[in-house]
Structures are given as C-alpha cells and as structure tokens.
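Let me begin by presenting the structure, written as structure tokens, before commenting on it.
Just so you know, ligand 1 is whichever comes first in the structure, and atom 1 is the first atom listed for that ligand.
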Amino acid sequence: MPTQTEAPAAATAQELRFPPDFWWGAATAAYQIEGAVADDGRTASIWDTFCATPGLVVDGHTGDVAADHYHRYREDVALMREIGLSAYRFSVSWPRVQPGGRSGENPAGIAFYDRLVDELLTAGIKPAATLYHWDLPQELEDRGGWPARDTALRFADYAAVVAARLGDRVKLWCTLNEPWCSAFLGYGAGFHAPGRKNPADALLATHHLLLGHGLAVQALRAAVPTAQVSIALNQGAVRSLTDSAGDRDAARRIDGLLNRIYLDPIMTGAYPADVMADTAAVSDWSFVREGDLAVISAPIDALGVNYYAPDLVSAAATPHEEPSVYPASQDITFHQTPGPRTEMGWTVDPTGLRDVLIGVHRRFPDLPLYVTENGAAYDDQVDADGRVRDDERIAYLRAHLAAAHEAMTAGADLRGYFVWSLLDNFEWAFGYGKRFGIVRVDYDTQQRLLKDSARWYRDVIHAGGIAA
Ligand code: FCB
C-alpha cells in the first residue's frame, strides 16, 4: 500500500484539525449502486422507466446492475472500514420496501437494509439513511407523482415502515435528498425522472415533497422518539455577474428558487413572499392548504447540505427562448463561474461551500449541519501499476474540507462531511461515464479498487484533519 500521502497528512494534521467526534463519511444512493432491480420483489421506480425510454440517458445506460452493491454490500462495508469511515450515508429504495407503492412492507426488501445496517454497525460505522433519493415507485407516478398531494401521504406511510424496522439502529435520517432536483429537474425541466416539463408541476411537486418531508418527520419521531432527523438540500452560493441592480435581482430570484424555497418553509414555517410573487405567472400557490406549513416546519435536528459548485447569474436583455430549469426565469442568464472544471463541467470553487455553510449558520445559528454530499467527477485512469492517481479529486476534496473548516471557525456547527461518492456509480442521465467514486468500480468485473483519493481520505480520517 503506497504511503506517499501519509507523511505530509500526518505531519501537518495540526494545521486543520476537526473535532474528535466529527463524522467522516461517504454517501451513495440506492438506484445508483444497488442493481438487482428485480430481486426479492422490487418493482420499477420512475428511474427504471426513465432509463428504459430511448434517448433520455446517455448511451442507454440503466441502473439494472449498477455497482451490484445489493449482492456485494459486505465487500463494500469492508472497504469503508479499510478507509476508516465513521459514517455511511445510503438511501433506502422505496419500491423494494413497498413494491408497487402499496402500503405495508415487503419483508425481503427491507431485510436487505436490515443486513446492511448490521454490517455497518459491526464495522463501527454509523448508518445514515436517506428515505428518498429519487426512486418513486412507478405506480405512484402513474397516480400523479409528486404533483399529487396523495404522494406525500404515501411517503409518510413508507417512512413509518422503514422507521419501525431500522429506527433502533440508524444514527441519522435524511427524509429527502435534494427535493430541488426531484421537483425542478424531474417535473419542470424533464432532465430527470419522470421527465415531465411543466413549471407549474415543479412547484406542486415542491410543496408535496416538503409536505411529505414533514409527515415523514412525524412518522420517524412516532416510531423512534430519539431519532435524529434531517433533510439533504441543494444549497448553492448564487452570485450576480455584476453589481447592477438587475443582476443582483436575478441572483435574489435564483437564491429564492434554489435555496430559500426549501429552507424557509422548513425553518420558518412560511414560503418566501418574494418567491411566491416571482412565480405568480406560473402558479397561484393555492395548493398550500391550511396547516401544511405547520407540518413542514416541525423541528429538525440537523440540516444536510449538498454542495458541488456555485451559480453565477445575470439579467438577460431579452428573455431566452429555451425554457429555464427554474420556473418563470427565462429572463435570467446562467454563466460559467471562472476556474477549473470537473468532468461534469462544474467549476471547482470551495468558497461556495464556505459561504453556504456560514450563510445558513448566520440565519439559523443553533442548527447543526452536515455536508451530506460533496465531491467531483474526473476521467480517472487505471495506471499500468494498477493505481488510480486521482490527484484532481484529492485537490477538490482537500480544498472543500478546508472551506468547511473555515466555516466551522466562523461558528458553523458542522458535525460531519460525506464524500460523494464511496463508489463510482450510475450518474443519472449521464450514465456510467461520470466517475465520482473514491473507489473505482470496473463495471465488467465489478472489481473495486481504492483510488489514491480513498487512501488520502483514510489518512485524513486517521489524522483527524488535513494540511492547511
Ligand atoms: C447530486 C445527487 C447525487 C449525485 C451527485 C453528483 O445532485 O444527489 O445522487 O448524482 O449529485
């Protein structure tokens, strides 16, 4: 095992120390790694349907086999242990637990997570479970999907089933992963499953996802009074191209539609008035019923922040013809932030993570935070000696951990950090071409290989910090 990175990491660890109880994690999601889409009674989710529709996913890739984690979870937990992870964030597949979206439970489906959680605990790794990472049972989409209010009630029913079976051992819950993506990419822009392109549906979905979150919080607390409950939100640093009033207003609007539309109802019990006004041409928001916001704003124990890159926007002189991912935003232009880019084309800018964490901390000083996702895709190669020298990924992770540390120094109560991702996996509409893992997966043989970044992360965890 190469030790090249060990010496510097250990020698300079004093420079950027993290608290001894800091959670050093990695994250994945069910559909992206599990495969085994027809095993033990699982039925189709909206992502199975989306992948089966020609032209929607690069090269026609699907999650049918993925990283075969469903059959290899023991080996994968052993890798986590080798890296020294203290926590692992995975998601539970709704159509495994409730095939066809029917209430009740599929014992064989939930048994997989039961085994996984036990395996993690035996390895000394804290299980952090996400209830919904985008794999809605297809039957529930057929009955209206997230734009339909009933889906929120179905989600609460599912949450209760999972809580009853895993609640005694899961250390942190995330109700939803990135509801912005579910609503805006899935129902508004059509880039994600189920592929609808309707801005009004995106807002309906937003509200029902949030209602589902609130009802799931109730279900989790009813089953497990000591449950630690959070939600993983895309929180982005939205910056204006210039200081002009028009550009600053564009940044305000996108900040509203990306960040505040989710964070504010949860934390303050109200949708931001400016966001409702900005979207008035698309929706009158009459779907918000009395009492909904009280459910949505039930206290959470922590907030999960998923951060990859900042946004840079300006006011467009004339509205764009092509539809925007954001409802009622065709008069806003998105620019590439300067700086190096990852294989996704996303700018590497750790100041965005620092700013997001400090921004949330300033608004909600008592809210514990986790970075529930952060990482980078690069076009990794296996060298002749069998090593993956992913120095760019190491640089990305190091810089973002340093940014997180800066936010902690500024007072943010950051409790942990989860690298996206443990394994190379199915990157949604991009298929398998984008590799985010700190562990390489050879999709022909399903062999796993620790990249240099995994060894570097192991050394960071071991030292409890990184070089400044
Ligand atoms: C996030 C998703 C995650 C992964 C990363 C790259 O938006 O939550 O599943 O695809 O992006």
Side-chain angles (χ1 to χ4, degrees), residues 25-35 45-48 50-51 56-58 61-63 66-67 69 88-94 128-136 174-189 191-193 206 209 213 230-237 258-259 262 303-311 325-326 341-349 352-353 356 370-380 390 392-393 396-397 400 417-439 441 453:
T28 63
Y31 190 69
Q32 293 180 277
I33 63 164
E34 286 179 359
S45 78
I46 54 175
W47 269 97
D48 298 85
F50 193 80
C51 291
L56 297 184
V57 175
V58 170
H61 288 170
T62 75
H69 173 75
Y88 172 57
R89 175 174 175 245
F90 61 96
S91 83
V92 178
S93 160
W94 190 347
T130 300
L131 289 173
Y132 185 71
H133 201 126
W134 308 352
D135 43 1
L136 183 70
C174 290
T175 52
L176 305 175
N177 178 70
E178 300 185 350
W180 180 89
C181 290
S182 300
F184 287 59
L185 300 181
Y187 290 93
F191 298 148
H192 278 188
T206 291
L209 282 154
H213 155 78
S230 72
I231 178 169
L233 297 180
N234 314 74
Q235 289 289 292
L258 173 63
N259 300 320
Y262 294 100
L303 179 72
V305 169
N306 290 4
Y307 172 85
Y308 290 92
D311 285 303
V325 166
Y326 290 85
R341 298 185 199 180
T342 69
E343 191 64 18
M344 295 297 283
W346 300 346
T347 304
V348 180
D349 186 349
L353 177 61
V356 163
Y370 290 87
V371 173
T372 32
E373 281 183 31
N374 175 242
Y378 287 107
D379 186 15
D380 304 315
D390 57 339
E392 289 173 298
R393 183 173 293 103
Y396 181 99
L397 297 175
H400 285 77
Y417 174 92
F418 293 82
V419 174
W420 184 272
S421 179
L422 176 71
L423 302 170
D424 288 338
N425 60 52
F426 174 76
E427 179 47 33
W428 308 113
F430 293 95
Y432 293 98
K434 307 293 182 207
R435 293 179 176 270
F436 274 92
I438 56 173
V439 174
V441 176
S453 56

Output the set of protein residues with a heavy-atom contact under 4.0 Å to ligand 1, ordered first by chain identifier and then by residue number.
-> Gln32, His133, Trp134, Asn177, Glu178, Tyr308, Glu373, Trp420, Glu427, Trp428, Phe436
Taking only residues two or more places apart in sequence, or in another chain, which ones meet Asp135 in a salt bridge (charged side-chain N to carboxylate O under 4.0 Å, His left out)?
-> none
So, do Phe426 and Tyr432 have ring centers that fall under 6.0 Å from each other?
-> yes
Is a side-chain donor-acceptor pair under 3.5 Å present for Tyr88 with Thr28?
-> yes
Does the side chain of Tyr308 come under 3.5 Å of the side chain of Asn234 through a donor N or O and an acceptor N or O?
-> no
Assert yes or no for the condition that the ring centre distance of Tyr326 to Trp180 is strictly below 6.0 Å.
-> yes
State whether a side-chain donor-acceptor pair under 3.5 Å links Tyr262 with Gln235.
-> no
